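One structure is given here, and the rest of the page talks about it.
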Amino acid sequence: QVQLVESGGGLVQPGGSLRLSCAASGSIFRVDTMGWYRQAPGKQRELVAAITSGGSTNYADSVKGRFTISRDSAENTLGLQMNSLKPEDTAVYYCNLKLRKAGYLYLLDDYWGQGTQVTVYS
C-alpha cells in the first residue's frame, strides 16, 4: 500500500528557512494532487500548498511568497521550501497524496504521512 514519510522538520528561529521532504512509496498511480497541510495546536488542519500532476500550484495566502512546493515525479518525492519563517508557522506538517480511483475521473483516495514537527521560536 501507499506510504508517505515526511522529513526535515525541526527547530528554527524566526526569519530562518527549512526544507521539508516527503517520500512516497508503494502503488503510486493516477496522481491527482500532492500537497502539504499543517495543524497548529488548537487549530484545524489547513492546506499550505499543493501541486497537481500537471504542475500547477496553489498556496495558502499566509505562506504565499515565502513557501515553495515542488515535486519530482520520477522519484515520487514532494518538497516544501519554507523561507522567512514566522512563529505562526509552528505546526505539524503533513504530506498528502490524492490518487484518482481506477475508472473514475473525480473520485479520489487520500493518503497521509505521520507528520513532521516544525517549530519557529524566538
Side-chain angles (χ1 to χ4, degrees):
Q1 186 56 284
V2 173
Q3 285 187 302
L4 303 175
V5 180
E6 302 96 335
S7 62
L11 302 174
V12 65
Q13 294 182 348
S17 297
L18 209 58
R19 181 173 179 83
L20 305 183
S21 294
C22 172
S25 62
S27 300
I28 312 298
F29 296 103
R30 299 178 297 277
V31 175
D32 182 82
T33 308
M34 295 192 74
W36 290 97
Y37 291 73
R38 68 186 181 188
Q39 186 166 19
K43 296 184 178 180
Q44 288 189 310
R45 184 181 62 190
E46 65 173 345
L47 175 67
V48 177
I51 184 167
T52 70
S53 60
S56 63
T57 60
N58 69 285
Y59 298 88
D61 289 341
S62 60
V63 307
K64 196 169 298 182
R66 299 188 296 120
F67 291 9
T68 303
I69 190 171
S70 61
R71 178 172 60 88
D72 187 334
S73 298
E75 302 294 332
N76 285 324
T77 59
L78 184 73
L80 183 67
Q81 180 65 46
M82 304 184 293
N83 298 325
S84 302
L85 284 162
K86 304 175 180 179
E88 53 261 43
D89 295 319
T90 296
V92 177
Y93 284 70
Y94 298 92
C95 179
N96 172 255
L97 170 65
K98 299 183 187 297
L99 301 181
R100 288 181 281 106
K101 290 183 176 292
Y104 298 89
L105 291 176
Y106 305 110
L107 193 59
L108 305 174
D109 284 326
D110 266 331
Y111 298 90
W112 297 90
Q114 290 299 309
T116 184
Q117 177 71 48
V118 172
T119 301
V120 184
Y121 66 94
S122 60

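Predicted, not measured: the structure shown is a model, and the values here were computed from it. All residue numbers in this chain count up from 1 along the given sequence.
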Q. Does the Y93 side chain pair with the main chain of E6, one donor and one acceptor, at a distance under 3.5 Å?
A. no

Q: Test Y121 against Q13 for side chain to side chain contact (heavy atoms under 4.5 Å, CB included), laying out the working first.
A: CA-CA 5 Å; Y121 66 94; Q13 294 182 348; 4.0 Å; yes

Q) When clusters are formed by joining ILVMFWY residues with side-chain heavy atoms under 4.5 Å apart, either directly or through shared neighbours, do W36 and V12 land in the same one? A) yes

Q. Between A24 and L4, which heavy-atom pair has the shortest distance, and what is it?
A. CB-CD2, 3.4 Å

Q | Straight-line distance of T33 OG1 to L47 CG, nearest 0.5 Å | A | 9.5 Å

**Q.** Reported CG-to-CE distance for the pair L18 and M82, which is rounded to 0.5 angstrom
**A.** 4.5 Å

(Q) Salt bridge check, D61 against K64: does any charged N sit closer than 4.0 Å to a carboxylate O? (A) yes

Q: Calculate, to the nearest 0.5 Å, the distance between atoms NZ and OG belonging to K86 and S122 respectively.
A: 15.0 Å

Q. Do I51 and V31 sit in the same hydrophobic cluster, where Ile, Leu, Val, Met, Phe, Trp and Tyr count as joined when their side-chain heavy atoms come under 4.5 Å apart?
A. yes

**Q.** Shortest non-hydrogen separation from K101 to R30 and the atoms involved
**A.** C-NE, 3.9 Å

Q | T90 to P41 - nearest heavy-atom pair and separation | A | O-CD, 4.4 Å

Q: For the pair L97 and I28, evaluate side chain to side chain contact (heavy atoms under 4.5 Å, CB included) and give the outcome as yes or no after the intermediate values.
A: CA-CA 9 Å; L97 170 65; I28 312 298; 3.7 Å; yes

Q. Rounded to the nearest 0.5 Å, how far apart are OH of Y59 and OG1 of T57?
A. 4.5 Å

**Q.** Donor-acceptor pair, side chain of R71 and main chain of S53, under 3.5 angstrom
**A.** yes

(Q) Go through it in stages, so that I can follow the logic: the residues are L108 and L99, the test is side chain to side chain contact (heavy atoms under 4.5 Å, CB included), and I'd like the CA-CA distance, side-chain angles, deciding distance and then a yes or no. (A) CA-CA 5 Å; L108 305 174; L99 301 181; over 6 Å; no

Q: Only one of K98, Q1, Q3 passes side chain to side chain contact (heavy atoms under 4.5 Å, CB included) with Y111; say which it is.
A: Q1

Q | Single-linkage hydrophobic cluster, 4.5 Å side-chain cutoff, Y94 and L85 together | A | no

Q.
Check this for me: Q114, atom CD, are more than 12 non-hydrogen atoms of other residues, nucleotides or ligands nearer than 6.0 Å?
A. no

Q: Measure across C95 and M34 and return the closest heavy-atom pair with its distance rounded to 0.1 Å.
A: SG-CE, 4.2 Å

**Q.** Closest contact, heavy atoms only, S17 versus Q81
**A.** CB-NE2, 4.0 Å

Q) About how many Å separate CG of D72 and OG1 of T77, when rounded to the nearest 0.5 Å? A) 4.5 Å

Q. When rounded to the nearest 0.5 angstrom, what distance separates OG1 in T68 from CG in N83?
A. 6.5 Å

Q: Run the numbers on R45 and W112 for side chain to side chain contact (heavy atoms under 4.5 Å, CB included), then give the verdict.
A: CA-CA 12 Å; R45 184 181 62 190; W112 297 90; 3.0 Å; yes

(Q) Please determine whether residues F67 and V118 belong to a single hydrophobic cluster, defined as Ile, Leu, Val, Met, Phe, Trp and Tyr linked transitively by side-chain heavy-atom distances below 4.5 Å. (A) yes

